[in-house]
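Predicted model only: the values in this text are computed from it and were never measured. Numbered from 1 within each chain, the chains take letters A, B, ... in sequence-line order.
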Amino acid sequence: MAKELKELTKRADNYSQWYNDLIVKADLAEQSAVRGCMVIKPYGYAIWEKMQQQLDKMFKETGAQNAYFPLLIPKSFLSREAEHVEGFAKECAVVTHYRLKTNDAGDGVVVDPNARLEEELIVRPTSETIIWNTYKNWIQSWRDLPLMCNQWCNVMRWEMRTRPFLRTSEFLWQEGHCAFATREEADANAKLMLKVYAKFAEEWMAVPVMQGVKSETERFAGALDTYTIEAMMQDGKALQSGTSHFLGQNFAKAFDVTFLNKENKPDTPWATSWGVSTRLIGALIMTHSDDNGLVLPPRLAPIQVVVIPLGKAEQVAAVEEKLNPVIEQLRALGISVKLDDADNKRPGFKFADYELKGVPVRLVMGARDLENGTIEVMRRDTLEKESVPFEGIVERVKNLLEDIQQNIFKKAVTYRDAHIYECDNYEEFKEKVKDGGFFLCHWDGTAETEAKIKEETQATIRCVPFRIRTDTRRGYGIRKTIKVPRAHCT
RNA sequence: CGGGGUGUAGCGCAGUUGGUAGCGUACUUCGUUCGGGACGAAGUGGUCGCCGGUUCGAGUCCGGUCACCCCGACCA
């Protein structure tokens, strides 16, 4: 074990390899035997649960409610919206039969050819279609609006190439689907949800994000506008971390959803959909981690404080007696504390292991501290440790957690801002973009230019940022956009 | 779907011109350790991806097949 973990201390030449190793060694997830899928292990899932908890709270504050819709979608639903089907058709898993039978040799099972479904079912790649098919029955009057539902579920997209957390065939996410009476309300909702995601990313994940609008090429299949938050990973590449779509009336029309408005006239509702996935865990890992392993933001760390008593059995008992009230008090403050007094692992191993797992604060106490009335505190973000008076340790730990949360966010902002460049010259851009980072550039708004840039430089347009979207300084009506050399995913 | 690669113990790998299946690590037991990834001793664990062929004999040679990985293409 020790040797295996030591390998991690040398960052691999290949950033992707380093990322994959980290996930396995920190006990977050492992590759499934099923192609392109991932097994999320308890420690990794605990992070997801903390994210879910907070996001769910934030969604409910906007008026959304949780619901659940079926996993299987009739094939015909998908084709109701032309762009939507075109976008997703290539990556759908399809259910064609509903029964197996024993094979002729009697030593296995085969698909029963007599059990073919009349209409094939798609394993949901996203749920717009089945939800809007349901909304048809739920929406009759302007009084039924707005209708705001969210579901926590899994989806499946048969991706050619997969990477843990960033793009797996099956992944966990949340998808919100809202219906409004007016265009303005819907667009405002799409923007509001993006703000919610941005707030969550920055305040909880400590991941700074750029907010903006996707280009037409990168837009969600079936949407009029896709709003996105883009984070910068430590290799200078972008990661799309959440999207919120203004769907217009496309899905409402495709599924014949109408309502009677206040004037007693038939009207068509306006839609939004918004989602974030377990990819957020990938963002977390790639934003903060260092060569010692994960660095988790205290607000999302499953274990916020680990307490390690040192010495032989009798000494540990004496130390624990002193520590127990402190642990109680920390827990009373809502801080999750793990006491690791296992006697089958040496302290050095425990230290390294909790660093690998990104536990923000470590408290260590032994016979020496007991004598001196001190305790050792280590913070994961800077790896600094100091011996402090035992008195007031609870308050100190509480403040330290908050300090770490702020510090890693600041660090991420500093890194990102140091890699954002403004560029007015295409030749200069072509040269500089090779090293990664975000580039604020001009763009004539056409897909041709976008494709050309991608071909010549591998850079993609991540978004047109909100704050400088309508920059027309140069008189061409040209908008500033962010481009990065390569994205981790789109 | 193209180009390349790999399948041998839980994981990482070696296996020479064909001759009894190996190493590291993990795991189990015992002992000594324990303030930064301990050490010693003894153990457990494998139809060598699968099917067929050549041979007295195949992890090794030949044919087929399956799976996975990497690079492309693709990727809301």
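Side chain of A:Asp369, nearest nucleotide from B:G35, B:G37, B:C75: B:G35. Relative to the side chain of A:Ala352, the nucleotides B:C75, B:G37, B:G35 differ in distance, and B:G37 lies closest.
A distance of about 14 Å separates the C1' atoms of B:G46 and B:C23, rounded to the whole Å. Across B:U47 and B:A41, the matching C1' atoms stand 33 Å from one another, rounded to whole Å. Taking atom C1' in both B:C1 and B:U54, the straight-line distance is 36 Å, to the nearest Å. B:G10 and B:U44 have their C1' atoms separated by 13 Å, with the value rounded to a whole Å. B:C50 and B:G59 have their P atoms separated by 11 Å, with the value rounded to a whole Å. Only the P atoms considered, B:G15 is 38 Å distant from B:C30, to the nearest whole Å. Between B:G18 and B:A58, the two P atoms lie 13 Å apart (nearest whole Å). Annotation: B:G22 and B:G64 have their P atoms spaced 32 Å apart (nearest Å).
In this entry the distance linking CD1 of A:Ile308 with C1' of B:G37 reads 12 Å, nearest Å. Rounded to whole Å, atom P of B:G35 lies 16 Å from atom CE of A:Met378. The nearest whole Å value for the distance from the CZ atom in A:Phe88 to the C1' atom in B:C74 is 14 Å. Rounded to whole angstrom, the span from the CG atom of A:Asn20 across to the C1' atom of B:C70 amounts to 12 Å. Counting to the nearest Å, the P atom of B:C75 and the CZ atom of A:Arg167 are 10 Å from each other. To the nearest angstrom, P of B:C75 lies 13 Å from CZ of A:Arg462. Between the CD atom of A:Glu384 and the C1' atom of B:G36 there is a distance of 17 Å, given to the nearest Å. A straight line from CZ of A:Phe349 to P of B:G37 spans 12 Å, rounded to a whole angstrom.
The aromatic ring centres of A:Phe466 and A:Tyr227 sit less than 6.0 Å apart. For A:Trp173 and A:Trp274, the ring centers sit 6.0 Å or farther from each other. Centroid-to-centroid, the aromatic rings of A:His84 and A:Phe251 come within less than 6.0 Å.
Judged as a salt bridge (charged side-chain N to carboxylate O under 4.0 Å, His left out), and not counting sequence neighbours, A:Asp341 has no contacts. Under the rule for a salt bridge (charged side-chain N to carboxylate O under 4.0 Å, His left out), the partners of A:Glu120 that lie at least two apart in sequence or sit in another chain are A:Lys75, A:Arg116.
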Dump the pairs, protein N or O against N or O of nucleotides 29-34 of chain B, anything under 3.5 Å, distances to one decimal.
| residue | atom | partner | partner atom | Å |
| --- | --- | --- | --- | --- |
| B:U33 | O2 | A:Arg346 | NH1 | 3.2 |

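The side chain to side chain donor-acceptor pair (under 3.5 Å) analysis of residues 359-374 of chain A, with sequence neighbours excluded, yields the pairs A:Glu355-A:Arg362, A:Asp369-A:Thr374.
A:Gln315 comes within contact range of no nucleotide atom at all, as no heavy-atom separation falls under 4.0 Å. The residue A:Gly366 sits close to a base: some heavy atom pair falls under 4.0 Å. A:Ala367 comes within contact range of at least one nucleobase, with a heavy-atom separation under 4.0 Å.
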Notebook entry, point to check: How is the base pairing of RNA chain B summarised as a dot-bracket string, given the Watson-Crick and G-U wobble criteria with both distances under 3.5 Å, [ ] for crossing and | for another strand?
Noted result: (((((((..((((.....[..)))).((((((.....)))))).....(((((..]....))))))))))))....
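In this structure, a donor-acceptor pair under 3.5 Å is present between the side chains of A:Arg124 and A:Asn154.
Looking at A:Lys90 and A:Glu159, no side-chain N of the basic residue comes within less than 4.0 Å of a carboxylate O on the acidic one, giving no salt bridge. For the pair A:Asp381 and A:Arg379, the salt-bridge criterion is met [side-chain N within less than 4.0 Å of a carboxylate O].
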Please list every donor-acceptor pair under 3.5 Å in which a side-chain atom of residues 447-454 of chain A meets a protein atom from a residue at least two apart or in another chain.
| residue | atom | partner | partner atom | Å |
| --- | --- | --- | --- | --- |
| A:Thr449 | OG1 | A:Asp444 | OD1 | 2.9 |
| A:Thr449 | OG1 | A:Asp444 | OD2 | 2.8 |
| A:Thr449 | OG1 | A:Thr446 | OG1 | 2.6 |
| A:Glu450 | OE1 | A:Ser215 | OG | 3.2 |
| A:Glu450 | OE1 | A:Thr217 | OG1 | 2.5 |
| A:Glu450 | OE2 | A:Ser215 | OG | 2.8 |
| A:Glu450 | OE2 | A:Thr217 | OG1 | 3.4 |

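When the shell of 6.0 Å around NZ of A:Lys430 is examined, it contains more than 12 heavy atoms from other residues, nucleotides or ligands.
Both A:Pro125 and A:Lys385 lie near RNA chain B, and the one whose nearest nucleotide falls closer to the 5' end is A:Lys385.
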